[in-house]
Asks: 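Just passing along the structure, written as structure tokens.
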Number of protein chains: 2
Amino acid sequence: MPNITVDLPQNSYAIAIAPDSLKDLGDQMKQLNIGNKVLVISNPEIFGHYGKTCLESLSAAGFETCTHLIPAGEEYKNLQSIQQVYDTAFANRLERSSTFVALGGGVIGDMTGFCAATWLRGVNFVQVPTSLLAIVDASVGGKTGVNHPQGKNLIGAFYQPKLVAIDPTLLKTLPPREFRAGIAEVIKYGVIWDEDLFTKLEHCDRLDSLEHISDELLEIMITRSCQAKAEVVGKDEKEAGLRAILNYGHTIGHAVESLTHYKQFVHGEAVAIGMVAAGKISVEMGLWTKEEAQRQDALIAKAGLPTEIPSELAIDDILETIKSDKKVKAGKVRFILPLAIGKVTITARATSEIISKALSL
Amino acid sequence: MPNITVDLPQNSYAIAIAPDSLKDLGDQMKQLNIGNKVLVISNPEIFGHYGKTCLESLSAAGFETCTHLIPAGEEYKNLQSIQQVYDTAFANRLERSSTFVALGGGVIGDMTGFCAATWLRGVNFVQVPTSLLAIVDASVGGKTGVNHPQGKNLIGAFYQPKLVAIDPTLLKTLPPREFRAGIAEVIKYGVIWDEDLFTKLEHCDRLDSLEHISDELLEIMITRSCQAKAEVVGKDEKEAGLRAILNYGHTIGHAVESLTHYKQFVHGEAVAIGMVAAGKISVEMGLWTKEEAQRQDALIAKAGLPTEIPSELAIDDILETIKSDKKVKAGKVRFILPLAIGKVTITARATSEIISKALSL
């Protein structure tokens, strides 16, 4: 599998994709011109699977390692967990030239990145994503952060990794539900950027678990998704404009996650619901054809992902919640809406009335 | 007084210096192409003096304002205070295009900058420094942060303001002790960068309070210090090399602050002690003449600043504390040491033995 470069004005970096490459992590990091100390941050389950291979690879390459584990789950994605990482970093005398390695999914990656951005005003950061969602989305692009009691990822920083080291074989231990959540983001890239990827996913008989997906299609899903993300981030690192399209499905998705207290859905499932909702709004506004929206919804359903906002959530509560979204500008909620498979627009013209009507359908 | 530009690869900005300019802050900020909402962060005493002028100026220019006050003092410079600012930012629906204004000294500036760097992954930031130390040092250059229970400024980010708006008339309400603390940093620029500034300070009869300093000398002190800082930061924004010279006097200074639990000395006083100590080390290593070191020490004493490490502090404790300094690289403590008035070097060759000997003199 190929290397992809995220090309930025400052701090460009590689996404290295290769099966069975975790054992080479130390050698890969040796190329980065970084200091000798490495703090590996993970959660207990993932560390149980891959911690030994990771630490041995780092030690063999001459790095001095230490470890910090954070319990799995969105409910630990907060400043209290960050403070404990700082304590570990202090106890182990981590230096500015040291490196924080995120060995885990999106939550571990986001938190490790935030710690790396803010410990000693910035140390090196390497992403080793272990979930499909983190591989195709969270690990690339430098968005880091934790949740505020009132909202997801409200606290954070843009901070780019020095390397994203992807080993697709790590997906073998990923629970099927988490795998499907990652497929939601792959479908997203199809809708917003890559019609051909979308069509290839349509041609696959089953998308709901890894065992039904060929190595070839998995490679296409990973490389094309990372390529899409690298292209968008390379054009707009700090989300001044274009990058917002990566939030397709996320505005309503975040609201659904928040209103269900991050308990009913994993992130990718909420995004799946959000994409279906955004599709409805786009159709309601006359921007997208009903036929293409149905193709999207069918693909999401084929991946075993939810498509409906839970009936117990009131539309007014969703409207209220999205108004506190990070992407709000001058009080206006901006939506990413499809114009065609592979093409979206960013608009602030989706009024509460339109959203209400579309979501009631 | 002139404008100075901090010239950076990205995010260059102006240091605007003008007496009685606080009332024009709204107009100055209007030029920045920022959103409508402004959160002013200050402490109760400073806000009592200048809050009204600040808020009225912002309102007159059409900004919608809100305020967050943090009790004065280094002991509130922590993540708990930051979390409360986040709560205010959330409650007031601050957006990515909104602006956090720091109206205060170094502590308020550092904390406001850190909040601006990390709320919604970065909002706009404006510095309105009200202490001499913040004017000549802390407000320029983008170093933001808070203290970790184990050390000063261990948590932070590099995050540049969009504007530093300096109104020297605000210094009238500054307590004399705080004024002298600022003079310590002005003397620092003389030693590390600007021999002519150093000489001008030597020619002044008294340096220990604002009333003995002419408007002309005050202007020179502010502009030359800001100029020096802007030049150094422009060459090395992220402290890869040169910028470390700005930490002259800070390595031992931070240790003294930390070991006296931030209670005995204000920052500038600790830096004064640190500069005298660094001078001794430089002389001990044969890098600097005893005569010039004495000129430095005399100037520091003339400003009414302390020059001696408190006798109750053990040198071994100081050595242990500086090893956990942010500036430690591969376990080696790097010192900034004068070679001549206006010229310093960065060296890791000051051994514990040399430091012990120099500090015992």
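Letters A, B, ... are given to chains in the order of the sequence lines, protein chains preceding strands, and every chain is numbered from 1.
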Asks: Is B:Thr144 in contact with chain A via its backbone, its side chain, both, or neither, using a 4.5 Å heavy-atom distance?
Replies: backbone
Asks: Give a yes or no on this: more than 12 heavy atoms of other residues, nucleotides or ligands lie within 6.0 Å of atom OH of B:Tyr76.
Replies: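 Open: at most 12 neighbouring heavy atoms sit under 6.0 Å from OH of B:Tyr76.
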Asks: What do you reckon, is NZ of A:Lys37 surrounded by more than 12 foreign heavy atoms closer than 6.0 Å?
Replies: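 Buried by this count: over 12 neighbours within 6.0 Å.
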Asks: Can you tell me which portion of A:Glu64 sits under 4.5 Å from chain B's heavy atoms? Options are side chain, backbone, both or neither.
Replies: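 Neither part, no heavy atoms under 4.5 Å.
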Asks: Just checking heavy atoms, which of residues 86-94 of chain A are less than 4.5 Å from chain B?
Replies: A:Tyr86, A:Asp87, A:Phe90, A:Arg93
Asks: With a 4.5 angstrom heavy-atom cut-off, which part of A:Phe114 approaches chain B: side chain, backbone, both or neither?
Replies: side chain
Asks: Step by step, work out the side chain to side chain contact (heavy atoms under 4.5 Å, CB included) result for B:Arg96 and A:Lys238.
Replies: CA-CA 11 Å; B:Arg96 278 196 181 160; A:Lys238 301 277 175 70; over 6 Å; no
Asks: Look up atom NZ in B:Lys143 and atom CZ in A:Arg121, then write down how far apart they are to the nearest 0.5 Å.
Replies: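 B:Lys143 atom NZ to A:Arg121 atom CZ measures 5.0 Å (nearest 0.5 Å).
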Asks: What are the two closest heavy atoms between A:Ile155 and B:Trp119, and how far apart are they?
Replies: CG1-CZ3, 4.0 Å
Asks: I need the full list of salt bridge (charged side-chain N to carboxylate O under 4.0 Å, His left out) pairs touching residues 105-118 of chain A, with sequence neighbours left out, sorted by first then second residue.
Replies: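 For residues 105-118 of chain A, and leaving out neighbouring residues, the salt bridge (charged side-chain N to carboxylate O under 4.0 Å, His left out) pairs sorted by first residue read A:Lys77-A:Asp110.
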